[in-house]
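We count ligands from 1, going down the list as the structure has it; atoms in each ligand are counted the same way. Model, not experiment: these values are computed from the prediction. Start at 1 with the first residue, then count along the sequence.
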Amino acid sequence: MTILETKDLRKYYGKGDTMVRALDGVDLSVEAGTFTSIVGTSGSGKSTLLHMLGGLDRPTSGEVIVDGERIFRLKEEALTIFRRRKIGFVFQNYNLVPVLNVYENIVLPIELDGNRPDGRYVKQIVQTLGLEDKVQDLPNHLSGGQQQRVAIARALAAKPAILLCDEPTGNLDSKTSLDVMGLLKVTSRQFSQTTVMITPNEEIAQMADEIIRIEDGKVIG
Ligand code: ADP
Ligand code: MG
């Protein structure tokens, strides 16, 4: 089953001589439950693409279809709700709330959405990510790799249809990067979590089930 699809997706910034075609007709599709990496050099359009896939910004033209919904046909408020319910994000910066402990950070989005966390599911995620001993700790007592694992746990706990990660290991050393990547792969399998990860790193990209290559705003190969 296809869970994510784009059709002739374009995003142009600026106009005239200085116009940048950040995305220049992207067609891609992602099967539910798979782990896909999107790899490309700096400036190739990766972050722009991720923002469009997650409905964080509107394209110049084209469609993004998530779980059967053409998301940019939704009005702003409906799109915000859709994004909150369906999309999980992990960014290079962990964006944890410093005054909340690890557990509180993980369940915060669920509670903000007016729901009660699924305690068993959260516990499984915490165990899989090796955070059992850290749940009471504040984020600034953790290493970068641990903080990114908390950010991943937080995104997974809300059971998003799609987990979108933008260079999640960009601030980590190479060993920690491979550890975090391995965990993303494990969680994708264990929780049948559709995961799309952007990376400039070919070695990291190779750990995914599917690889999409992007260059100058176009999918190549
Ligand atoms: P990547 O994440 O692969 O490094 P980006 O998607 O951030 O690439 O950027 C793709 C291109 O679009 C680059 O040329 C970048 O300078 C340009 N770009 C990105 N965001 C903006 C913006 N808000 N305004 C103008 N140009 C932008
Ligand atoms: Mg980027």
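- Protein non-hydrogen atoms do reach within 4.0 Å of atom 5 (P) of ligand 1.
- Interface of Ser47 with ligand 1, defined as ligand atoms under 4.0 Å from a residue heavy atom, comprises 1 (P), 2 (O), 6 (O), 7 (O).
- Any N or O atom pair closer than 3.5 Å counts here, and Gly43 shares at least one such pair with ligand 1.
- Looking at Val20, Thr18, Val39, it is Val20 that brings a heavy atom closest to atom 17 (C) of ligand 1.
- Considering backbone and side-chain atoms together, Ala22 places no N or O closer than 3.5 Å to any N or O of ligand 1.
- Counted within 6.0 Å of CD on Gln136, heavy atoms from surrounding residues, nucleotides or ligands total 12 or fewer; the atom is thus considered open.
- Distance remark: protein heavy atom present below 4.0 angstrom from atom 21 (C) of ligand 1.
- Electrostatic pairing of Arg73 and Glu63 counts as a salt bridge here, judged by a charged N lying under 4.0 Å from a carboxylate O.
- Listed by atom number, the atoms of ligand 1 under 4.0 Å from Thr41 heavy atoms are 3 (O).
- Counted by atom type alone, Asp166 and Ser47 present one or more donor-acceptor pairs between their side chains at under 3.5 Å.
- For the residue pair Glu31 and Thr2, a side-chain donor N or O sits within less than 3.5 Å of a side-chain acceptor on the partner.
- Both the backbone and the side chain of Thr48 come within contact range of ligand 1, each with a heavy atom under 4.0 Å.
- For the Mg ion (ligand 2), the neighbouring protein N/O/S atoms at less than 2.8 Å, given as residue and atom, are Ser47 OG.
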